[in-house]
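Small disclaimer: the values here were computed from a predicted structure and weren't measured. To find a chain, count down the sequence lines: A is the first, B the second, and so on, and within it residues start at 1. Computed over heavy atoms, backbone and side chain alike; hydrogens, waters and symmetry mates excluded.
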Amino acid sequence: MKSQHAAPFILAIRRDLLLAARHKTEIVTALFFFVIVVNLLPLGIGPDADLLRKIAPGALWIGALLATLLGLQRLFAPDHADGTLEQMALSPQSFTLLVAGKIVAHWLVSGLPVVLIAPVLGLQFDLPGRSLGLLMLSLLLGTPILSLIGAVGAALTLGVRGGGALLSLLILPLYIPALIFGAGAVEADLAGLGAEGHLSLLGAVLVVSLFFAPWASTLALRVALE
Amino acid sequence: MLSVTQLTCQRGERVLFQDLHFELPDAHWLQIAGANGAGKTSLLRILAGLTEPVQGTVLWNGVDIGAERSLWHRDLLYVGHQGALKEELNPQENLLFSLGLEGFESSPAAIRNALQQLGLHGREHLPVRYLSAGQRRRVLLSRLLLRPARLWILDEPYTALDVHASQVLTHQIEAHLQQGGSVILTSHQSIPLSGGSCLTL
């Protein structure tokens, strides 16, 4: 028996992916939620192609926000309830690294499918091909931010009665920068302006949250475990 | 050696215990007794480093457990009230992941062997959801065989175990003590082991 450093991080991801594979309904529910929310808008607004194209980036991004929110509560709650989180905190390995693994797994399960299906939904809004690619790119940079910031909220509201509503109130305002730069990138491209500025800012938000979110989540989890 | 000085635990307004002193040398075991709600589990959680005490220090080989958390947790094996078992996974997967997350690699053969010793032969591939309370405890206790540690902290290890499994557990504790390890456990029963001390909260 020997100890390794990267192995526990990979194992934390593998473990959550395996658990997700045994709970397929949860993944499918979040994804369908995304599809339905985004689909409701064209139905409600009517077949005005210009208008639809204009609201498409915002609609898809808001759909992605809400879909991420749906699964966030389950990020730490089951592990907290059955004591796994306690064991992780007692691991000689870095707790932060294990929490980071859980966040990565959450993104793979809830963020990545949204990125992959977004262009199909974008077609319904009559988005041109180049904007579809840009939409995917903005979501690829943006959905990890949603998982990372969401993890902090999920950790803070762990064990709080009615934590779900509180989590939304806490997290949705923090998603505003990602929403503005993410949707803004596609909108800027549609308007014929460059999207680089928005994408750079989105990347900057990603880097900052990559740096702080696992650490902040770990601190909040330690408090929740006391 | 574990030394505890002037430990005070407070839950909300209530002081559960204060000015607790004790030492646990290597190759010794300690039973913590007390009525329900006396603070047994709270004490164990403080010792493990999950909860900060209001006052007092816990030293492991002379070093504060908060100062060298990773070293402390390498030497410590904590089996708590809650199972830390995933209902959707089978015992083998559960153990593989829980050992792996602690940085210990173990082969499926070793895990099968440990499960067999605890009488779970033929149930390695059954999701934990289908196991009884006693069988779940056995899965947990097979960690004692698989994960090397100097000090075991066991919260109510004898709960839900039948006569045979209790004997196996007692043998495991004996073997651990013989190898120079130490054990802290809570129990409402008397422990059929010699040479231990008892702390009543």
What one should report as the nearest heavy-atom pair of B:Leu50 and A:Ala89 is CD2-CB, 4.1 Å
Do B:Gln82 and A:Asp82 have side-chain heavy atoms sitting under 4.5 Å apart? no
Can you name the one residue among A:Arg22, A:Arg14, A:Arg15 that meets salt bridge (Lys or Arg N to Asp or Glu O under 4.0 Å) with B:Glu93? A:Arg22
Report which part of A:Leu18 has an atom under 4.5 Å of a heavy atom belonging to chain B: side chain, backbone, both, or neither. side chain
Counting neighbours of CD on B:Gln116 that are heavy atoms of other residues, nucleotides or ligands and sit closer than 6.0 Å, is the number greater than 12? yes
How many angstroms lie between CZ in A:Arg222 and OG1 in B:Thr51, if you round to the nearest 0.5 Å? 11.5 Å
Considering all heavy atoms of both residues, which atom of A:Leu90 and which atom of B:His73 are nearest to each other, and what is their separation? O-CB, 3.1 Å
Heavy-atom contact with chain A under 4.5 Å, split by part of B:Leu99: neither
If you define the side chain from C-beta out and look only at heavy atoms, does anything of A:Pro92 sit under 4.5 Å from B:Glu102? yes
Going through the checks in order, is the side chain to side chain contact (heavy atoms under 4.5 Å, CB included) test met by B:Phe97 and A:Thr84? CA-CA 10 Å; B:Phe97 283 120; A:Thr84 312; over 6 Å; no
Part of A:Leu98 lying under 4.5 Å from any heavy atom of chain B: side chain
For A:Gln93 and B:Leu101, work out which heavy atoms get closest and say how close. CG-O, 3.5 Å
Other residues, nucleotides, ligands: >12 heavy atoms within 6.0 Å of B:Phe22 CZ: yes
Would you say that A:Phe95 contacts B:Arg69 through its side chain, given a criterion of any heavy-atom pair below 4.5 Å between the two side chains? no
Are the side chain of A:Gln87 and the backbone of B:Tyr78 linked by a donor-acceptor contact shorter than 3.5 Å? yes
What are the two closest non-hydrogen atoms of B:Arg45 and A:Glu226, and how far apart are they? NH2-C, 4.2 Å
How close do B:Gly103 and A:Pro8 get, counting heavy atoms only, and between which atoms? CA-CG, 4.2 Å
Kindly check if the number of other-residue, nucleotide or ligand heavy atoms within 6.0 Å of NE2 (B:His121) is above 12? no
